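What follows is a single structure, written as structure tokens, with notes after it.
Below, chains carry the letters A, B, ... as their sequence lines are ordered, and counting in each starts from 1. Both backbone and side-chain heavy atoms feed into the values below; hydrogens, waters and symmetry mates do not. All values reported here derive from a predicted model rather than from experimental measurement.
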Protein chains: 2
Amino acid sequence: MTATTDSNPYNRTMSTRPARTSRRTVYDELRRRVIGLDLGPGAPLSENELAAELGVSRTPIREALIMLAQDGLVQVFPKVGTFVSRVDAQRVADAQFLREAVELASLDDIPAVPDPELVRELRDNIARQELVEADVDQFFVLDEQFHQGLLRLANHGGTWPSVVAAKAHLDRARRLGLHDRPLHDFTLQHAQVLEALLEGGAAQARPLMRAHLRAVFDDIERLRARSPELFAPSVGQPTRRNIAVWE
Amino acid sequence: MTATTDSNPYNRTMSTRPARTSRRTVYDELRRRVIGLDLGPGAPLSENELAAELGVSRTPIREALIMLAQDGLVQVFPKVGTFVSRVDAQRVADAQFLREAVELASLDDIPAVPDPELVRELRDNIARQELVEADVDQFFVLDEQFHQGLLRLANHGGTWPSVVAAKAHLDRARRLGLHDRPLHDFTLQHAQVLEALLEGGAAQARPLMRAHLRAVFDDIERLRARSPELFAPSVGQPTRRNIAVWE
DNA sequence: AGTACACCTCTTGTATACAAGCAGTCCCGA
DNA sequence: TCGGGACTGCTTGTATACAAGAGGTGTACT
């Protein structure tokens, strides 16, 4: 699970602890399911069912769903139902665009002599990426730490939550394919970006970074060409599920 | 007020109407108050008081506050209180960075022959800006329509919600100053950006756009230099207000 | 005077009850 | 056979009751 969701630096309070409310737990869990496609695009979500399953009342469920709706991961139709958002090609493209814009622009703001402590963390991160064999989840955690680290290098770590929000839609689209491109391709790209950055600055790192980000998006676009039905436009409102089962 | 908040194109459903729930009304109202500084940074928000004032129960109030918390406009401390977020200099800088990155990058994606209908709208928008005398709110609406229009020109209208979220923090910071820079300065910059774009493409428009966006940020930075106390870091948790008043 | 401590009132978090509405089903009638 | 309308189950929206904790306040004791 990507535990970096709430790494919003502005929501830290330093003096008070994380305050793990039930709502937060539900939010994290549902977000994980949506991004991980345990809950497929268009799937209906019943507040009552979720409440029963997760062992809490409707209140924290509702509040978590509201947060997910703000993230664009679910859609709430009053008096009708709540549904996992469809994977919309336009939305995925917008997410890619935003992420690319922010991450590329941040390269220009990285100081000539970057924070050595952060650089050390990044190198260490890459070293650990190289040790990952096939654990995709583990790799994703490291991948997120790496990209967030680059933003922090530019002193723009505060934009990470926005990037993560966009990334959620990209990750979901990517998982539709299930294809297992070798993880080491990405690790190599990460290493190349970092070295180019430290050697030649933003000018040299930029094209590599763009290529790296585009590699992910190109995977998605290939998938879309192959299986367009997965990217049905989200305009069609969902149908109510048939429940029945008086058991 | 800027009514463009819910212009998220993905949340449209075409078939169902906007569904104006009470929660939405409360959210819009509180957001307006926070950005308009009717509710100053650090101000305490009591769910009970708001419920009484706005004539609804705690439920829609809570849910609206949760949405505002996700926007970073308020902070909720469990069992302690809810407070309007401080205007944090780092956060404002991050918002500026994100907005700049997205809006500048979008220029590169504007087609050589842009949608003539959208161009007409943009020209019309500028014409109306020129007619605005001193109505700041009216100007803000046109300003947002203009910037959103440019994004749509690049077929990246879907990123507008993210830009608006960042812009909220910028606007709030800007209002701390209350200074009335002539609106026509901005109108002129808008016109110059659009003309440069249509004449010479992204290459010519980019520096003008950057200058325009920076002009706003520079105002904020000047204000910060003059009145640093307004930008107190948000780490310090607020103090509980004294209520008393047995009346 | 200073300090420890019980208290008391506020806060948000959670659970539950009720309201309102959409939509599929089923039955009845033409 | 086909159409229409009441019915019935669900859905989310809102209101309210209760739980649990944080922290200011005042008092009593040293």
Side-chain angles (χ1 to χ4, degrees), chain A residues 11 13-30 42-70 74-84 236-247, chain B residues 11 13 15-28 30 42-70 74-84 236-247:
Chain A
N11 287 341
T13 44
M14 223 138 293
S15 51
T16 61
R17 62 204 159 299
R20 282 217 66 79
T21 63
S22 171
R23 156 173 88 239
R24 182 78 212 193
T25 304
V26 172
Y27 172 78
D28 288 341
E29 172 62 16
L30 290 183
L45 299 176
S46 164
E47 295 178 358
N48 283 318
E49 285 180 16
L50 289 172
E53 180 197 341
L54 299 181
V56 295
S57 79
R58 270 186 64 206
T59 305
I61 301 284
R62 267 186 72 76
E63 295 175 346
L65 288 176
I66 288 172
M67 291 195 288
L68 289 169
Q70 272 210 318
V74 308
Q75 275 182 296
V76 179
F77 298 86
K79 312 294 178 70
V80 175
T82 303
F83 304 86
V84 176
Q237 73 279 43
T239 68
R240 182 188 292 265
R241 61 196 160 293
N242 288 353
I243 7 79
V245 285
W246 26 261
E247 51 187 338
Chain B
N11 287 341
T13 45
S15 51
T16 61
R17 61 203 162 298
R20 281 218 66 78
T21 64
S22 171
R23 156 174 88 241
R24 181 80 211 191
T25 305
V26 172
Y27 172 77
D28 288 340
L30 291 183
L45 299 176
S46 164
E47 295 179 359
N48 283 318
E49 286 180 14
L50 289 173
E53 179 197 340
L54 299 180
V56 294
S57 80
R58 269 185 64 204
T59 305
I61 300 284
R62 267 185 72 77
E63 296 176 344
L65 288 176
I66 288 171
M67 292 195 288
L68 289 169
Q70 272 211 319
V74 308
Q75 275 182 295
V76 179
F77 298 85
K79 311 294 179 70
V80 175
T82 303
F83 305 85
V84 177
Q237 75 278 43
T239 67
R240 182 187 294 265
R241 62 195 160 294
N242 288 352
I243 7 76
V245 283
W246 26 261
E247 49 187 340

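Distance CD (E49(B)) to P (dT9(C)): 17 Å, rounded to an integer number of Å. Between I61(A) atom CD1 and dT11(D) atom P the separation is 13 Å, expressed in whole Å. One can place CG of L68(A) at 14 Å from P of dT12(D), the figure rounded to the nearest angstrom.
At the phosphate of dC10(D), neither OP1 nor OP2 sits under 4.0 Å from any side-chain N or O atom of N48(A).
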N/O to N/O distances under 3.5 Å, protein versus nucleotides 13-15 of chain D:
unit_1: dG13(D); atom_1: OP2; unit_2: R62(A); atom_2: NH1; d: 2.4
unit_1: dG13(D); atom_1: OP2; unit_2: R62(A); atom_2: NH2; d: 2.8
unit_1: dG13(D); atom_1: N7; unit_2: R58(A); atom_2: NH2; d: 3.1
unit_1: dG13(D); atom_1: O6; unit_2: R58(A); atom_2: NH1; d: 2.9
unit_1: dT14(D); atom_1: OP1; unit_2: S22(B); atom_2: N; d: 2.5
unit_1: dA15(D); atom_1: OP2; unit_2: S57(B); atom_2: N; d: 2.6
unit_1: dA15(D); atom_1: OP2; unit_2: S57(B); atom_2: OG; d: 2.8
unit_1: dA15(D); atom_1: O5'; unit_2: S57(B); atom_2: OG; d: 3.4
unit_1: dA15(D); atom_1: N7; unit_2: T59(B); atom_2: OG1; d: 2.6

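When each of L65(A), V76(A), L68(A) is paired with L45(A), the side-chain contact (heavy atoms from CB on, under 4.5 Å) condition holds for L65(A) and for no other.
Shown here for Q70(A) and M67(B), the closest heavy-atom pair between the two residues is OE1-O, 3.2 Å. Smallest separation of non-hydrogen atoms from E63(A) and R23(A): OE1-NH1, 3.0 Å.
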Can you give each donor-acceptor pair under 3.5 Å made by side-chain atoms of residues 54-61 of chain B, sequence neighbours left out, with the distance rounded to 0.1 Å?
unit_1: S57(B); atom_1: OG; unit_2: T59(B); atom_2: N; d: 3.3
unit_1: R58(B); atom_1: NE; unit_2: E47(B); atom_2: OE1; d: 2.9
unit_1: R58(B); atom_1: NH2; unit_2: E47(B); atom_2: OE1; d: 2.8

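Annotation: the span from F83(B) atom CZ to S46(B) atom OG amounts to 10.0 Å, rounded to 0.5 Å. Atom CZ in R62(B) sits 5.0 Å away from atom CD1 in I66(B) (nearest 0.5 Å).
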